[in-house]
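Start at 1 and go down the list; that is how both ligands and their atoms are numbered.
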Amino acid sequence: MTTATDAVTASTPPLSAEYAMMPRMPMRTGPLIGRDTDLSRLADAVGLHPDGGAGPGGVVVLSGDAGIGKSRIVSRLVADATDSGWFTAVGHCVGQAGSNLAYLPFVELVGAVDAGHPEVVERVLAGHPALGHLLPGRVDAPGAVPTPAPAQATDPGQVAEAVHALLSALGAEQPSLVVVEDVHWADHSSRDLVTLLLTRGFPTAVGLVVTYRSDDLHRRHPLHDTLAVWARIAGLEHVELAPLPDAAVRELVAALDGPSADGPSLDAETAGEIARRSEGNPFFAEELVASAAAGQSLTGGLGRVLRARVEQLDDTAQRVLHAAALKGGQLIGHELLSRVTGLPDETLEAALAAAVEHHVLEACWPPAYTFRHALLGEAVADGLLPGERLRLHRAYAAVLAEHPDLAPASELARHAAAVGDLQTAVRASRAAAEAAMTVGGPQEALLHLERALSWLGEDDPQRDEVTLLASRAAMVAGEPIRAVDLLRDRLDHPGSGQQPGARADLLATLVIRSRMLDLPVDSIALTDEALSLLGDEAEERRVRVLVARVQALVDTGSFLEAAVVGNEASMLAERLGLTATLAELRTILARVLEAQQDLDAVEAHLRSVVRDLAPDDPLLLRALHQLASLAHRRGDLPGSLALYDQGAEAARRLHREWAPWGQECRLLGGLTAYELGDWDGSARRLDLTGRPAPQPGRAIFTAAALSVRAGRGEPVGSEVIEELRRWWAVDSLCVVQTVMPAIDLLGQAGDLEGLLDLVEAGVRVLDAAWGDYHALARMAALVAGQAAALAPPADPALRSRALSLVDELADRARLIGGLRPAVEKASRPVFERSTPGPLEDTSRETWAWLVRLEAELLRLQRVAGTVDPPPVEELVDAWRGSVAAFERYGHVFEVARSRARLAEALRAAGDDAGSRQVAEQARAVAERLGARPLLGELDLLGGVRQAELTPRELEVLRLLAEGRTNGQIGRQLYISTKTVSVHVSNLLAKLGASGRTEAAAIARRRGLA
Ligand SMILES: Nc1ncnc2c1ncn2[C@@H]1O[C@H](COP(=O)(O)OP(=O)(O)O)[C@@H](O)[C@H]1O
Ligand SMILES: [Mg+2]
């Protein structure tokens, strides 16, 4: 077994020291009373006694009050599993102190797997080096992968994949039961990892039990969010331990009282009293029995009973217990306890022996102590006097400052802060944060760094550095908003000690990070200031600032200047050997090319960038994204989808799914699949069920998925839209993704007013963020389309509001066609930027929507009756144009929708046959996509809703589609030829078919034949 006493060598990253001193917790076994049903539910859930179809393995969550018996029932399950030949391993989360240590329970768990199946660990390590971070004792083992330098951050996704891979491989080797105990104390990273394991499950024989204490989860407890995610995991088994029934408690009390020679020592009355007062909580029952056995009164609540038990011990033992309780967490090493109490060895040993004998403490190996139950430790800690508490903190701080190897750095930080030694607290927190980043726990790193910031004075120059570190941790943790806010706060409150160089770094970082979020910042002014703060030295910092500057210039359309500054930055980066930065610059500068030269050159340039990149270079995502969006703009949708998928796949491989470009590749892939008419594929790419996703990413994906839902006419509650609106201010992409499908959703629901409100609100946000933007064309066309159905019957005020909004949007959209980069404001979606050259070639999407807009406007004019209706030929031409434009663009659904409206125009022009034919084409697509609202529109067009075919007509249709004559059909169905011909003419009318051939085609398309 991996033990805490393994030597920690100098090459070991700080993480190892953090975990190496966490001794393993002992497991308890013994008779289990009154839990048969719960035990068999747990056993079934993990497939311990598989029967019939189900094999071994499965996941389950176990909850209940403190002391109710979760650990006890789990240890019984573990014992049963061991008896059945399973491998078992347990990881514990421990109180306060443990919740700051990234992946603490998994370090224990993975250590146990390593002890039992080192060959499996070895194998998985080869493919998942991140696993090495959870194996502090193994760094020097032969064949172990060298641990990256401590300064390097590990992506949490890599750690999660590694653990999942390890457990899956373990289950393939031997059926295994793994337990994660007490996740209400888990660190953020462990919570996310547990969620991933519960969601995914395992392909092999792995049983997973996760326990948590459900009684004192206060309102803002971090576990609440996690529990909400678990509640949505389909089919997740949850066992909640109820209080033991009365009879079971009596049995327990009797068992505790023990069969002694002279019979039970408790009288029946006391035993009854204990059973009643313990309220079915076995821990409470045990404590009451112990008190009664010691002749103490049984009054007061649990806390009082517990303290009374501790007070039975002598002063020295109590002093030791106080020290142990203040440590937080459940285990305290012998050496630390000895130094903190300052007691001579013999005295300490005697005190500990007394505490163990009285069942207050338990000893474990390597020498360490734990309270018999966390409730005991909490009761002792609650009873400490303020002065005592302060003295103990001081003792801890002094000991740990001198012997940092005795506890994780985060504990030194806590004690030092408690006694006001803020310099030490900051130093320790920074060390703890660095360790957390190394192991892939950016959330914990952020916590430590934010604490450090709360202790640092405003004038302390360290603030700048710590702010940058915290912002980076927030970014890696998927909290970009926090990352930006931290930077802004420091820039706004620089204190008196801020160095110009440090400020320049903060400014450059702010520019780059705000841009990813689309937050309105004046990136030119910010980089102006940053540059003015720098000297002429050729240093890395200068390159960072220049990169931000180039990005700012590109974003604001100053391409010429961007090229000049980009050149300077590239040369400097080359001189300093910053290859990664060089590649980044080349990618940014592709946009300059895009604006100045033809798109072929841009494509060639980007392809060469992609070719030069290593397959694991994160920049690959950005380059692929840019290539894909270029293909999209040029109308090569299938090519674009392939590139987006390639980017998304690379993001998965690199575990950067939520990094900016990885996220966008998957998002835009989903949207492109929607356009190509692969709606299932779109839904699959955008699906986030059971995946913890950071915001605003989750909101944008949810919004994007609305397009298919709107197209299919699925009901979407208004609360969904409301929730999405909360993210509009953070990312304008969310506005576009919400508004477009919502126009159709609200229109289909007949809510014209809601539609207008939403569009107006969306336009306000977009105007502020983007100025002019291509999305206006689509928005105008969609609003006009819905207004044609809803405006005429609306009351006059609402109608005129609708018409004037359409006019306003249309006027603005028409201008887009003539836009040039110079007048365009910064806008994030690359695919919405205009370039020289005809729109039809450079942005086929916008071009198609502009053509569509004209057709929608004519249609609206005809029904609204405000101006002289346009001649019907003009209407037909406009809709033919729209069909052709969307065909060129490749947007399957919008081709069909345009066809439906062309059919309407044709009918108005008196061309019934032409109308039917076009409508049938549209119907075929609508049926394949499952686009119910469009089908409804087509039904209406048919005059009345098409009547259902009778069963007999269906039979006739089937045979007809096989090419039979009326006579043949009659013979087969035993009816007269004349009856057949009546059925045929009826069904032709119902299908709207002009003859037998068309009817047969319709039947095949609808799957009736
Ligand atoms: N069903 C049971 N039968 C016998 N003893 C039990 C039972 N459930 C709990 N206990 C005892 O009660 C105490 C508290 O149980 P524990 O499993 O540690 O609670 P939890 O993990 O839910 O806080 C332990 O000493 C345990 O041995
Ligand atoms: Mg427990």
If we check side chain to side chain contact (heavy atoms under 4.5 Å, CB included) with I73, which of these qualifies: V209, L39, V239?
L39
Using a strict 4.0 Å cut-off to heavy atoms of S71, name the atoms of ligand 1 that fall inside it.
17 (O), 18 (O), 20 (P), 21 (O)
Got an N/O contact under 3.5 Å between L32 and ligand 1?
no
Distance-only donor-acceptor check, side chains S63 and H238, under 3.5 Å
yes
Do S189 and Q443 pair up side chain to side chain, a donor and an acceptor below 3.5 Å, judged on atom types alone?
no
For ligand 1, is any non-hydrogen atom under 4.0 Å from L252's backbone (N, CA, C, O), its side chain (CB onward), both, or neither?
side chain
One residue to check: R35. Relative to ligand 1, which of side chain, backbone, both or neither has a non-hydrogen atom less than 4.0 Å away?
side chain
For atom 16 (P) of ligand 1, tell me which residue out of S278, S75, A248, G69 has the closest non-hydrogen atom.
G69
Give, for atom CD of E237 and atom CG of L62, the distance between the pair rounded to the nearest 0.5 Å.
11.0 Å
Out of all atoms in ligand 1, which are within 4.0 Å of some heavy atom of D65? Include the element for each.
22 (O)
Any donor-acceptor pair under 3.5 Å linking the side-chain atoms of R309 with those of H358?
no
Heavy-atom distances under 4.0 Å decide this one: backbone, side chain, both or neither, for R213 against ligand 1?
neither
Run the ring-centre check on Y212 versus H184 and record whether the distance is less than 6.0 Å.
no
Would H117 and Q174 count as having a side-chain donor-acceptor pair, cut-off 3.5 Å?
yes
Mark yes when over 12 heavy atoms from residues, nucleotides or ligands other than E311 sit less than 6.0 Å from its CD; otherwise mark no.
yes
What atoms of ligand 1 come closer than 4.0 angstrom to any heavy atom of F283?
12 (O), 13 (C), 14 (C)
Residue-atom pairs from the protein, N, O or S only, that lie under 2.8 Å from the Mg ion (ligand 2):
S71 OG
Given E362, H359, E286, the one that forms side chain to side chain donor-acceptor pair (under 3.5 Å) with R372
E286
Measure from the ring center of F202 to the ring center of H164 and say whether it is less than 6.0 Å.
yes
Does N281 come within less than 4.0 Å of ligand 1, judged by its heavy atoms?
no
Are side-chain N/O atoms of N281 and S278 paired as donor and acceptor at under 3.5 Å?
no
List every atom of ligand 1 that sits less than 4.0 Å from any heavy atom of R372, numbering the atoms from 1 in the order shown and giving each element.
25 (O)
For A66, is the nearest heavy atom under 4.0 Å from an atom of ligand 1?
yes
Can you confirm whether E349 is buried at CD, in the sense that more than 12 heavy atoms of other residues, nucleotides or ligands lie under 6.0 Å from that atom?
yes
To atom 10 (N) of ligand 1, the nearest of P282, P31, G34 on a heavy-atom basis is P282
